[in-house]
Q: 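Dumping the structure here so I can ask a few things about it.
Reminder, nothing fancy here: chain letters follow the sequence lines and each chain counts from 1.
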Amino acid sequence: MPGVKYQQYESLDYAKLAAEVLTYWNQNQVFEQSVSLREGRPTFTFYEGPPSANGTPGIHHVMARTIKDIFCRYKTLQGYQVERKGGWDTHGLPIELQVEKELGITKDHIGKPESEGGISVEDYNRKCRETVMRFTDQWNDLTQKMGYWVDLDNPYITYKNEYIESIWWLLKQLYDKDLLYKGYTIQPYSPKAGTGLSSHELNMPGTYKDVRDTTIVAQFKVKPTGKSGFLFFDSADADVYILAWTTTPWTLPANSALTVGKDIDYVLVKTFNPYTFLPINVVLAKALVSRWFNEKGHQDSPNSPAFDAYLPNDKVIPWAILSEFKGEHLEGIEYEQLLPYVQPEKSAFRVILGDFVTTEDGTGVVHTSPTFGADDFRVAQAAGIPPIMVKDENGKEVPIVDKHGQFVNEITDFAGRYVKEEYYSDEERADPEFRPTDVLIAIKLKEENKAFRVEKYEHPYPHCWRTDKPILYYPLDSWFIRTTAKKDRLVELNKTINWQPESTGTGRFGNWLENLVDWNLSRSRFWGTPLPIWRSETGEEVCIGSVEELTSYVQKAQGSEVLTEQQRTQNDAYLQKLASGDYDLHRPYVDEVYFVSESGKVMQREPDLIDVWFDSGAMPYAQWHYPFENKDVFAKAFPADFISEGVDQTRGWFFTLHAIAGMLFDSIAFKNVVSTGLVLDKNGNKMSKRLGNAIDPFKTLAQYGPDATRWYMITNAEPWDNLKFNIDGIGEVQRKLFGTLSNTYNFFALYANLDHFTFTGRTVPVADRPELDRWILSKLQSLVLEVEEQFDGYNPTKAGRAVQDFVNDQLSNWYVRLSRRRFWSGVTSDGNMTADKRAAYETLHECLSVVAQLMSPIAPFYADWLYRSLNEGKASVHLTDFPIADKTLINTELEQSMEAAQGVSSLVHSLRKGHKLKVRQPLSRVLIPVLSADTRRQIEHVAPIIMSEVNVKAVEFVDDASGILKKRVKPNFKALGPKFGKQMKEVAAAITAMTDDELKTLEQTNALQLGTFNLQLSDVDIQTEDIPGWLVASEGSLTVALDVTVTDALRGEGIARDFVNRIQNLRKDRDFSVTDKIRIELERNNEVLAQAIETNRDYISQEVQAISLDLVSDLNGRASGPLATEIEMDEFLLRLTVERV
RNA sequence: AGCCAUAUAGCUCAGCAGGUUAGAGCAUCUCUCUGAUACGGAGAAGGUCUCUGGUUCGAAUCCAGAUAUGGCUACCA
């Protein structure tokens, strides 16, 4: 059709539509424009959490990126300039493991010569660099297809030199503030393999095995001081010991504290040592007394003669409880060192409190050795208790067990012994004289009256997956960020962040911050950001904060005599690379440069890499190569206004961003954060490629298009709830929302084109438009406000649902349905549109256009298609300004009226249904009982709508004055509650039993004394229940009655309407155009039918656009012709011809 | 084991500053409407609002505990 203003569509392929829109965007640089058009406007800063491109994207990435995209688009519409720099996370273990898998090697092969099947670090890292960007094409493809607007042309990449240089600068800031230090942490360690194990390695199947170990309940002798005085009240005849159980007796020489639970009940028990038979008083948890003491020996009193009667080797040992107290009273009590081989430098051997203590087993007192337990290390450090350490040959502090798993010389009795018997060879263990170290320790303690019980105990213990030998928890060197030093500030800053959902911020993240430990930065790997610290053997250190600094240190070193020839050559080689710009800050290159310290010692780089999470947490700075470049850009883009990632990032990216910003800039890194839930399969199981329940995002996008996919994900569940992804749900969204909206648009386009309507703004003043128009425009303004509020509150789900409800329930199923006639008539004699018709077009156009804007953040392709279809010449919905709600158009009363109309219509439909009266059969009237003039006026407003909607000829009202209404009175509990409280039941009963007279009194005087209760009108709900003699239906406070009498005239009209319906169907079947005129000849074979047709001939002719409608006695042989048809219509048989003119 | 979240119809979700008949959509079954609409409308059926206690005149809603599911964290001596 030439000159068509509004493109019409037969059927829509949403995926194709999106692809076309995408092409349009790319050709016209719409994304770029959406940013550049806002130049000079306030900025809204978004940080992209960098994905790792070493795997293929999944459907959950579509979810996460949709959230990000929505708010960036929304803020753009609101006039902000929203830059979105993409990024790639390129370092880290997952990439290394993938490379190892592909090369068929393990960590041990790296750095070994090729002749031994090894691979150089150089080659290995090259492989990592290639691997990590392998899937970028797929990622870019997904980004495009799903409509995620992010700048992929200039992404930040964490392995780039510039990025690493910024990280080094940050680390140096930390270092200079004394927030970066070398310490140790307790890690799983395999002495036989000589290596630490990652938690991933510890979680491999089969690592935990049940073993039978020698366990000891050791006696720690309490020093009588002020704090412990209450334990000695009894007498001086017995020493007081605290009992602690251990499954690793070899750690006892390293004991430096005992940990108890603050709120656990403990008792002091009088008894005898079972090995030395000496009288003792011991402390243990009350709940565990029965675990260690035989009930037969129980004495009620410490003065029991049983104690005096006790003889060594007696089977039953008498015991009695002396006193009971909470764990907190034990705090600070000092005890004698159990095995005094090594003295700590600071004071130790105190009772401390720990949150991990239970009374599940043991004695409720935990033997604490900071060098061999992570919990131990943590609580001891917090309490200022030193570990038991010795100095090695270099004067370095080391634990009392060396890296081979043997006691050091200082542990004289056991020097050189392996702490675990499994570390001995099978031959050694076969010797009948062989005793495991744990047993030897047990014997020694028994002899010294330091063991309360020695027994075998079976429990699970982790083993090294490579050597099959038990692992040790062992202190290993690590570099730390002293996050604990800034903990309070980090907690404070967190309170200024808007978390969505709130619980993640206050609960998960807040708790995490409260229990913060120092950030272990070290990773003993190869592919990552190297730690920029050089150290000499004597502990002289320098932290490098830039490439320039690195260069200058290397240059300075070249002048020194200390370096070997080879070191100097390597330095030279690197200096040349630095000079040419063709350098690499990764291993192994930075490992091969050497500095010289002030005192003339060679300095080498600390071999560690840093935690990759530092990489991503550094992105606010490093993405701009701050502070070496872009200082101004950074200043404008920090902190972020908005970030969003999965809830699993709480302790990952969210934390690292927060920690770095807080520690170095005393600032938050982001103001608003949406943490999203997981995407599960439709049964609520985790998606995994292994289980085959993973959804391929590309397939989904190809089948349903990105808009329905995004819409489904956003509106089905709130983003932070887990989404049970059911692909059928996308189909539903597509049919219900996009289908309805497209049909609505097509309807508009069809008639607008016929009438040559072109939207040129509001030419008909809103005030002059009919109720229906003013109503939908009022609803539309309310919708704009609602959507804006929800987007502002980072609630995309509620925003989407509001749009959906508007489109389905208000716009399509009410406004358009009731307005149809206005579109297909309404031409004045001179061929121009009536104002009413014009108003209808303008109203519908405005609704559709605004809906396109409101939905555009969520469904960007479709919304743009819709918007541009409606507004020829406009570049894109994404370049528009967010609609501003005109509050003067909001008419609450009208909205209520329309609600009443909808309610009344629904009830009438229901009554018709009950009496098998189809809507085509006109009825004379509905009767609506109203109790207030307000209600009456409200419904009167919309009476014409009701009449046409339910096909009745009149809406009548019965008010109270008629006296025929039957009322029902119900208690209004909400109002009564505060007044009568406990008497509620009585009041409610009295109200229900109220007489008509009493009710009248209440209504007229607004007061009623009912028994002892003084009631007001507002204390009750009055509803009409019935109109005697009528058929009624009610819903809530609304009641309608329907006159179901069908007179002959009404019957005739009904037949006429049925007839019209049949002709319309016929026209449709025969593919007549909407504008075609016809001639009808109908056989006169039934008088009722004939009369009905004749009486309503004008009406019928107009409806079906017949220029003639004749009743003939027979069809003159044309009954079998191509124009003839026979149709059954209820009890009538229609024989007729229909001819196009 | 600890922390966080969730638990409402067959399915997906609303409702949750406590108010006595717990809603919607999808799916099922009747029926119906349609000159934009593979849409809509009416009806039917479908619920001990996970369980147990508590607070209250009144609890799906608030509190405590339990159970289940999911996530994160973790060395149970």
Q: Could you tell me the separation between the CD1 atom of I727(A) and the CD1 atom of I695(A), rounded to the nearest 0.5 Å?
A: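 I727(A) atom CD1 to I695(A) atom CD1 measures 4.5 Å (nearest 0.5 Å).
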Q: Base, sugar-phosphate, or nothing for K724(A), non-hydrogen atoms under 4.0 angstrom?
A: sugar-phosphate
Q: Relative to the 5' end of RNA chain B, which residue comes earlier, T740(A) or L723(A), by the nucleotide with the nearest heavy atom?
A: L723(A)
Q: Do the side chain of W613(A) and the main chain of F655(A) share a donor and acceptor less than 3.5 angstrom apart?
A: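 Absent.
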Q: Measure CD/Q790(A) against C1'/rA14(B) and give the value in whole Å, please.
A: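 So the CD-C1' distance, Q790(A) to rA14(B), works out to 13 Å.
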Q: Measure the acute angle between the ring planes of F509(A) and W499(A), then classify it against the limits of 30° and 60° as parallel, tilted or perpendicular.
A: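 Ring orientation, 0 to 90° scale: tilted.
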Q: For atom P, what is the distance between rA24(B) and rG40(B), given to the nearest Å?
A: 14 Å
Q: Taking atom P in both rA64(B) and rC3(B), compute the distance separating them and give it to the nearest angstrom.
A: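 rA64(B) and rC3(B) have their P atoms separated by 13 Å.
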Q: For rA36(B) and Y745(A) - does any side-chain N or O of the residue sit under 4.0 Å from the phosphate oxygens OP1/OP2?
A: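 Indeed not, no polar side-chain atom of Y745(A) lies that close.
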Q: For rU28(B), give its Watson-Crick or G-U wobble partner with both distances under 3.5 Å, or none.
A: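 WC or wobble partner is rA44(B).
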Q: Which nucleotide, rC4(B), rA77(B), rC13(B), lies nearest any side-chain atom of S503(A)?
A: rC4(B)
Q: rA36(B) P sits how many Å from N808(A) CG, rounded?
A: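 In whole Å, rA36(B) P and N808(A) CG are 18 Å from each other.
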Q: For V987(A), report the nucleic acid contact type (base, sugar-phosphate, nothing); a contact means any heavy atom under 4.0 Å.
A: nothing
Q: When you compare rU61(B) with rG19(B), how far apart are their C1' atoms, in angstrom units rounded to a whole number?
A: 11 Å
Q: How is A975(A) classified with respect to the nucleic acid when contacts are heavy atoms under 4.0 Å: base, sugar-phosphate, or nothing?
A: nothing
Q: Please classify the nucleic acid contact of T247(A) as base, sugar-phosphate, or nothing, using heavy-atom distances under 4.0 Å.
A: sugar-phosphate
Q: Is the backbone N or O of L243(A) less than 3.5 Å from a side-chain atom of T363(A), with the two atoms forming a donor-acceptor pair by type?
A: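 Yes: the side chain of T363(A) pairs with the backbone of L243(A).
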Q: Pairing check on rA5(B): which nucleotide meets the Watson-Crick or G-U wobble criteria with it, both distances under 3.5 Å?
A: rU69(B)
Q: Give each protein N/O atom lying under 3.5 Å from an N/O atom of nucleotides 29-32 of chain B, with the pair distance.
A:
none

Q: Once you apply a heavy-atom cut-off of 4.0 Å, does H909(A) come out as touching a base, just sugar-phosphate, or nothing?
A: sugar-phosphate
Q: Under 4.0 Å between a Lys/Arg side-chain N and an Asp/Glu carboxylate O for R817(A) and E949(A)?
A: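 Yes, R817(A) and E949(A) are salt-bridged.
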Q: Strictly under 3.5 Å: I want the nitrogen or oxygen pairs between protein and nucleotides 24-26 of chain B, one per line.
A:
from: rG25(B); atom 1: O3'; to: K736(A); atom 2: NZ; distance (Å): 3.4
from: rG25(B); atom 1: O2'; to: E732(A); atom 2: OE2; distance (Å): 2.9
from: rC26(B); atom 1: O4'; to: E732(A); atom 2: OE2; distance (Å): 3.4

Q: What's the gap between rA60(B) and rU67(B) when it is taken at their P atoms, as a whole Å value?
A: 23 Å
Q: Do the side chains of E732(A) and L737(A) get nearer than 4.5 Å, heavy atoms only?
A: no
Q: Starting at atom CZ of F747(A), determine the distance to atom P of rC39(B), rounded to an integer number of angstrom.
A: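 So the two atoms are 18 Å apart, to the nearest Å.
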Q: Between E718(A) and M984(A), name the one whose nearest nucleotide on RNA chain B is closer to the 5' end.
A: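 Taking each residue's closest nucleotide, the earlier one in sequence belongs to E718(A).
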Q: Could you tell me the separation between the CH2 atom of W720(A) and the P atom of rC13(B), rounded to a whole number of Å?
A: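 Those two atoms, CH2 and P, are 14 Å apart.
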Q: How is G362(A) classified with respect to the nucleic acid when contacts are heavy atoms under 4.0 Å: base, sugar-phosphate, or nothing?
A: nothing
Q: Could I get the full list of side-chain hydrogen bond (donor to acceptor under 3.5 Å, both in side chains) partners for T368(A), not counting sequence neighbours?
A: T259(A)
Q: Does any non-hydrogen side-chain atom of W245(A) lie less than 4.5 Å from one of R453(A)?
A: no
Q: Would you say a side-chain N or O of N716(A) is under 4.0 Å from OP1 or OP2 of rC13(B)?
A: yes
Q: Each nucleotide N or O in nucleotides 66-73 of chain B that has a protein N or O under 3.5 Å away: list the pair and distance.
A:
from: rG70(B); atom 1: O2'; to: N722(A); atom 2: ND2; distance (Å): 3.2
from: rC72(B); atom 1: O4'; to: R508(A); atom 2: NH1; distance (Å): 3.3
from: rC72(B); atom 1: O2'; to: R651(A); atom 2: NH1; distance (Å): 2.8
from: rU73(B); atom 1: O4'; to: R651(A); atom 2: NH1; distance (Å): 3.1

Q: Does rC62(B) have a Watson-Crick or wobble partner in any strand here, with both distances under 3.5 angstrom, and which is it?
A: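 rC62(B) is paired with rG54(B).
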Q: Check the angle between the aromatic planes of Y6(A) and F748(A) and answer parallel, tilted or perpendicular using the 30° and 60° thresholds.
A: perpendicular
Q: When we call it a touch if two heavy atoms are under 4.0 Å apart, what does S812(A) touch: a base, just sugar-phosphate, or nothing?
A: base
Q: If you measure from the Lys or Arg side-chain nitrogens to the Asp or Glu carboxylate oxygens, is any gap between D805(A) and R801(A) under 4.0 Å?
A: no
Q: Enter syn or anti for the glycosidic conformation of rA45(B), syn applying to angles within 90° of 0.
A: anti
Q: Assess the side chains of T740(A) and N808(A): does a donor N or O sit below 3.5 Å from an acceptor N or O?
A: yes
Q: In whole Å, I'd like the distance from the CD atom of Q734(A) to the P atom of rA38(B).
A: 14 Å
Q: Now, which nucleotide makes the Watson-Crick or G-U wobble pair with rA14(B), with each of the two distances under 3.5 Å?
A: none
Q: One thing to verify: whether K837(A) and D755(A) come together as a salt bridge, which I'm taking to mean a side-chain N less than 4.0 angstrom from a carboxylate O.
A: yes
Q: Using atom P of each nucleotide, how far apart are rC72(B) and rA9(B) to the nearest Å?
A: 27 Å
Q: In whole angstrom, give me the gap between the P atoms of rG71(B) and rA27(B).
A: 31 Å
Q: Provide the distance between the two P atoms, one in rC11(B) and one in rC16(B), to the nearest whole Å.
A: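 One P to the other, the span is 23 Å.
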Q: Using the C1' atom as the point on both nucleotides, what is the distance between rU12(B) and rA7(B), in whole Å?
A: 14 Å
Q: Just verifying a value: how many Å separate S256(A) OG and L338(A) CG, rounded to the nearest 0.5 Å?
A: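 Reported to 0.5 Å precision, the distance equals 12.0 Å.
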Q: Distance check needed: rC13(B) P versus K798(A) NZ, whole Å only.
A: 14 Å
Q: Just checking D376(A): base, sugar-phosphate only, or nothing, at a heavy-atom cut-off of under 4.0 Å?
A: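 Counting heavy atoms under 4.0 Å across all strands, the contact made by D376(A) includes a base.
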Q: Verify the contact: side-chain N or O of T363(A) to OP1 or OP2 of rA77(B), cut-off strictly under 4.0 Å; return yes or no.
A: no
Q: Can you tell me how far P of rA36(B) sits from CG of L754(A), to the nearest Å?
A: 11 Å
Q: If you only use heavy atoms from C-beta on, which nucleotide in rA36(B), rA77(B), rC13(B) is closest to the side chain of N743(A)?
A: rA36(B)
Q: Restricting to side-chain hydrogen bond (donor to acceptor under 3.5 Å, both in side chains), what partner residues turn up for R735(A), sequence neighbours left out?
A: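 Listed in chain order: nothing, the list is empty.
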Q: Once you round it to whole Å, what is the distance between P of rG41(B) and CZ of R817(A)?
A: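 Distance, rounded to whole Å: 7 Å.
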Q: Got a sec, which residues hit side-chain hydrogen bond (donor to acceptor under 3.5 Å, both in side chains) with T371(A), two or more places apart in sequence or on another chain?
A: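 In terms of side-chain hydrogen bond (donor to acceptor under 3.5 Å, both in side chains), with neighbours along the sequence ignored, T371(A) is linked to no residue.
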Q: So, is R820(A) near the phosphate of rA36(B), with a side-chain N or O under 4.0 Å from OP1 or OP2?
A: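 Looking at the OP1 and OP2 atoms of rA36(B), one of them is under 4.0 Å from a side-chain N or O of R820(A).
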